[in-house]
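Here is the structure we will look at, set down as structure tokens.
The structure presented is a predicted model; accordingly, all values stated were derived computationally and were not measured.
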Amino acid sequence: MYRNPFYLGWNKGWSFLFFLEGGIAKIEAKGFGISITTKVEKGESPLESADRLVSKEQRIRKSRYYSWVKSINEKTIN
């Protein structure tokens, strides 16, 4: 079984593509029904870019989830 040497726990469910677009290094992450792209910042490794991209998306997803839970709880109380 092949194991990616850069395997991290947060990337479960995500796939990554590193590419050049107009001479700019970019990373695309696909997972959970979405696709997000960002450029690789100067001095940043592709792994750090992937971490930054997924961490930001996870914060957004958690925020939306907790907002949804709060709205459901308010409807059942009233």
Side-chain angles (χ1 to χ4, degrees):
M1 179 175 143
Y2 175 77
R3 183 145 177 131
N4 185 345
F6 298 111
Y7 178 80
L8 298 173
W10 56 253
N11 70 3
K12 291 179 184 175
W14 292 96
S15 64
F16 301 95
L17 174 66
F18 297 94
F19 61 97
L20 287 174
E21 183 176 75
I24 299 171
K26 293 191 174 186
I27 180 173
E28 178 181 44
K30 290 184 180 182
F32 303 102
I34 61 171
S35 174
I36 47 180
T37 304
T38 190
K39 69 178 187 170
V40 178
E41 299 293 332
K42 186 175 182 173
E44 189 176 54
S45 74
L47 191 58
E48 290 170 329
S49 296
D51 186 39
R52 178 176 48 85
L53 187 61
V54 172
S55 294
K56 180 180 176 183
E57 183 59 30
Q58 292 295 82
R59 281 193 315 270
I60 292 168
R61 290 171 58 83
K62 282 183 181 180
S63 175
R64 287 181 184 153
Y65 171 76
Y66 289 122
S67 293
W68 174 75
V69 168
K70 185 177 177 181
S71 71
I72 296 298
N73 288 337
E74 287 175 355
K75 287 180 183 179
T76 57
I77 293 171
N78 292 333

Which residues satisfy the side-chain hydrogen bond (donor to acceptor under 3.5 Å, both in side chains) test with R52, sequence neighbours excluded?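 Counting only residues at least two positions away or on another chain, R52 forms a side-chain hydrogen bond (donor to acceptor under 3.5 Å, both in side chains) with E44.
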Test side-chain hydrogen bond (donor to acceptor under 3.5 Å, both in side chains) applied to K56 - qualifying residues, sequence neighbours left out: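 Once residues adjacent in sequence are excluded, K56 has no partner under the side-chain hydrogen bond (donor to acceptor under 3.5 Å, both in side chains) criterion.
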Which pairs would a plain distance check flag for residues 25-36, meaning a side-chain donor or acceptor within less than 3.5 Å of a matching protein atom at least two apart in sequence or in another chain?
{"unit_1": "K26", "atom_1": "NZ", "unit_2": "E21", "atom_2": "OE1", "d": "2.6"}
{"unit_1": "E28", "atom_1": "OE2", "unit_2": "S35", "atom_2": "OG", "d": "3.0"}

Identify all side-chain donor-acceptor contacts of residues 61-71 below 3.5 Å with residues at least two apart in sequence or on another chain.
{"unit_1": "S67", "atom_1": "OG", "unit_2": "S63", "atom_2": "O", "d": "3.0"}
{"unit_1": "S71", "atom_1": "OG", "unit_2": "W68", "atom_2": "O", "d": "2.8"}

Got a sec, which hydrophobics cluster with I24, joining ILVMFWY side chains under 4.5 Å apart, including via others?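 Direct or chained contacts put I24 with none.
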Share the residues that join I60 in a hydrophobic cluster, the rule being Ile, Leu, Val, Met, Phe, Trp or Tyr side chains under 4.5 Å apart at the heavy-atom level.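 None; I60 is a cluster of one.
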Test of understanding: clusters of I, L, V, M, F, W, Y form through side-chain heavy atoms closer than 4.5 Å, transitively. Do V40 and L17 belong to the same one?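 No, because V40 and L17 fall into different hydrophobic clusters, even though each may have its own neighbours under 4.5 Å.
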